[in-house]
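So you know, we letter chains A, B, ... as the sequences are listed, proteins then strands, and number each from 1. Note that these values count all heavy atoms, side chains included, but never hydrogens, waters or copies made by symmetry.
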Amino acid sequence: MAYSDKVLDHYENPRNVGSLDKNDPQVGTGMVGAPACGDVMKLMIKVNDDGIIEDAKFKTYGCGSAIASSSLVTEWLKGRTIEEAYAIKNSEIAEELALPPVKIHCSVLAEDAIKAAVADIKAKQAAKDNA
Amino acid sequence: MSASIELPVLKHRDDAHPLYLDYSATTPVDPRVAAKMIPYLTENFGNPASRSHPYGWTAEEAVENAREEVAKLVGADPREIVWTSGATESNNLAIKGAAHFYAATKGKHIITIATEHKAVIDPVRELERQGFEATFLIPEPNGLVDIEKFKAAIRPDTVLASVMFVNNEIGVIQDIEAIGHICRANNVIFHVDAAQATGKVQINLEKLPVDLMSLSAHKTYGPKGIGALYVRRKPRVRIEAQIHGGGHERGMRSGTLATHQIAGMGEAFRIAREEMDTENERIRRLRDRLLQGLLEIEEVYVNGELEHRVPHNLNISFNYVEGESLIMAVKGIAVSSGSACTSASLEPSYVLRALGRSDELAHSSIRFSIGRFTTEADVDYTIELMKSKIGKLRELSPLWEMFQDGIDISKVQWAAH
Amino acid sequence: MNDTYLDHNATTALDRRVLDVMLPWLLEQAGNPTSRHTFGRTARNAIEHARTQVAEACGAHASQVIFTASGTESNNFAIKGISANLTHKRVLLSTIEHPCVARPAATLQAQGFAIERIDVDYNGKLNKAQLKTQLKKPAGLISVMLANNETGGIQDIAQIGELVKQAGALMHTDAVQGLGKLPLHFNSLNVHAMTISSHKVHGPQGAAALILDKRVDIQPLLHGGGQEKGLRSGTENIAAIVGFGMACELAMTNLAHFSSHTAALRDRLEQGLMQLNATRTSITIFGKTTARLPNTSFFAVDGIEGETLVMALDRAGFAVASGSACSSDSTEPSHVLLAMGVSEDLARGAIRVSFGTNNTLQQVDDFLATLTQEISRLKQLTSIAA
């Protein structure tokens, strides 16, 4: 499998590996994929009161492209609003990393992880507003 | 002594030139074998079927000497050895050749094992398309065939059984003698794929109740493109030829013989016969050292049982690490992985799946296969590499994190994907 | 051995330059081309390079090249593999095919196939009028060899292929003797499958190919690991394949020289034979007036067994053949000559001389001198016996 230099760079030096405090009301968590499918991505974002993503962390069980896709999105997410984050398309990720066709699903998974994390933070906010 | 022969190409220089630990995929040609082959590529180039001039005679003599060496390693008569282009052809010839020859008198049922090499499974599948019935026995979780289950699978119309001597992925050694006796008692032709066995286990076909045995040169430090099929003479076993033509190999296999390759196989098998005892002992020490080192890593699982196993093979699953990223991580060593992702789909090793391993563990398996040119330093390098890379990947793995938090991953509801 | 080798249609000596590209694969390189690591990928790349070299030598596209272990295997693969998926279970072969075409075809009879022969004339040329008549009934596969191993006679494969194509059947040609001796253009021969082999062009034994039109639905002969796009399983014989590739490249470069040089040798030989003929020995040269391979001369000396003469020449240092190497075990007269209508007695006297680029005019003269001597010696022996 020929990987692009960008995939290799993210794979060798993954950015923002780790976890945030999942009980923090400002932290949203997205966990997507399944072990049997060969990829599990966990993405955590910390969103401030202005709706801006201050921090993002990931852990990924998966191939080099999956690791690179999640590492890349953590870089992209910081400083964006959750609306902007929600608008990120898998095609942008695939293009940036020059993913081969058989690895497009890795970028889809990364997009799903963002959407899941955003949904989680919105749910937390809604619960807080309702409280 | 063989261990003193250095082959620099097999050593780790950088990640573009990794350490070779894939001896079960293929072995490098032993330099002594290459030396034996080269004269037949240059001055002695005759066609062994040319009976009218010395070019042909010299070639024929080399072919017959090699036939004797191959026969000796497995305790056979040279007249029982038929040259082929490799174990795949031997398996095809044995399985299709015997099934076709005996179908009319014995029946059309075949027994084989789910963990056989594709070169056995696929010919059997082909026979199924032609109207044969096949039973693919599932081995026990340790990789070995349960003799009672084998016995129970035999039917009155069973014509042929095919069981591999040594498994290519997990290295387990089947009880060929016991299975052979059952076949004899039930009048079933018994074929054994011994491609992974020669030079690793003692084979004596004078005593072993086997009718047909596939042999390969390139798994035993010989060249690629040459193999043999043992066809028993007493009691005589018949096969239908699969390649027809000039009637070479007593009509069982036509086609011009590649003299240099045959000579190479003969030399490789001679060396194997003379050196296997000491070599196996040395390799076992290396394998045990590798195993001890790798067992220091948490959550590792040895695939296949260790007692009935060739010393050359160690197949280990690293839990909570994904297979493909694992292969990317261990670029410093050339090994095989349980996840053959040839195309878009990830296909876990069917051998490990047959042993009941989960897809995840099958994916995260690595087959380390050690051979004639492996050294202790190579093993130590491998252990250190695996420790550091597994650690790094687990740092990245959400599953490892969950495992450490005490979460049972098998109970987690995963979103459909 | 300082003998003069005049049996190039049986097998050829490995070219030193071929050996040079093979040696690393025997001495240094490990790696199974199926493996995904560096060793495997290096091996894979070497095979793909060889595939391109082979394709270029026979006017094919690399993707049409399927590597096998021998010409025999390629022919078996073509005949059995194509027949397995035919609607019309009728296979036509020329009467002069090599056993590795004729015998696999014969096995098809057990599966309900009709196997029919297409005759050749006294020069070994296929009877096209007969073929046209035969093609009026639906046929599945036609196999006609491009150049005969014994006589060297060349068929008009493109024309024959055109007839077959118009009849809606498939066409295979055994071109083992054509490669390196004639320009070969698979894509303009009107055939669907073509057999070529390495050891006839100074490549190693153990490698050959079937060139296949990808639209043809073919059944593999060997099932297993799925190498060669599933059409030919078995670990690739890298050293031999790499050597085959190089041998093809060299054969292409050498083609014009091969043709003019061996034709000159052959003409000198046959002039000599004609001179002998003019004296008191009756010599027949088979297929002399038809298109032949430039390097091949097939002749018989009346009243002398070919086998006896071959042995005598061998003792005198000249390696020639009495027929094809495969059948030289048997004392049956050449089936090719019998098919051409040559009498059994004359056919028994047949000797094949096949030249290579390294043979010289001096060797031809020496050969003629020895031949003349041996003929008169053997004639004396037989006359004493009589």
Can you tell me if CD on Glu95(A) sees more than 12 non-hydrogen neighbours from other groups inside 6.0 Å?
-> no
Verify side-chain contact (heavy atoms from CB on, under 4.5 Å) between Met402(B) and Lys42(A), making sure each step is shown before the conclusion.
-> CA-CA 11 Å; Met402(B) 291 163 83; Lys42(A) 189 188 76 167; over 6 Å; no
Under 4.5 Å heavy-atom distance to chain B, tell me which part of Pro35(A) shows up: side chain, backbone, both or neither.
-> both
Could you look at Val412(B) and say if it's the side chain, the backbone, both or neither that has a heavy atom under 4.5 Å from chain A?
-> neither
Exceeds 12 heavy-atom contacts within 6.0 angstrom, atom NZ of Lys22(A) | no
Taking atom CD of Glu395(B) as the centre, does the number of heavy atoms from other residues, nucleotides or ligands within less than 6.0 Å exceed 12?
-> no
Count the heavy atoms of every other residue, nucleotide or ligand shown that sit under 6.0 Å from OH of Tyr86(A), and state whether that count exceeds 12.
-> no
Which atoms of Phe58(A) come close to chain B, meaning under 4.5 Å heavy atom to heavy atom: side chain ones, backbone ones, both, or neither?
-> side chain
Mind listing the closest non-hydrogen atom pair of Glu322(B) and Tyr61(A) along with its distance?
-> N-CE1, 3.3 Å
Reported OG1-to-CG distance for the pair Thr60(A) and Leu393(B), which is rounded to 0.5 angstrom | 11.5 Å
Shortest non-hydrogen pair, Met31(A) vs Pro398(B), comes out as SD-CB, 4.5 Å
For Val40(A), is it the side chain, the backbone, both or neither that has a heavy atom under 4.5 Å from a heavy atom of chain B?
-> both
Most heavy-atom pairs under 4.5 angstrom with chain B, which of Gly64(A), Ser65(A), Pro101(A), Gly62(A)?
-> Gly62(A)
Between Tyr11(A) and Lys392(B), is there a cation-pi geometry (under 6.0 Å to ring centre, at most 45° from the normal)?
-> yes
Take atom CG of Asp5(A) as the centre, draw a 6.0 Å sphere, and report whether it contains more than 12 heavy atoms from other residues, nucleotides or ligands.
-> no
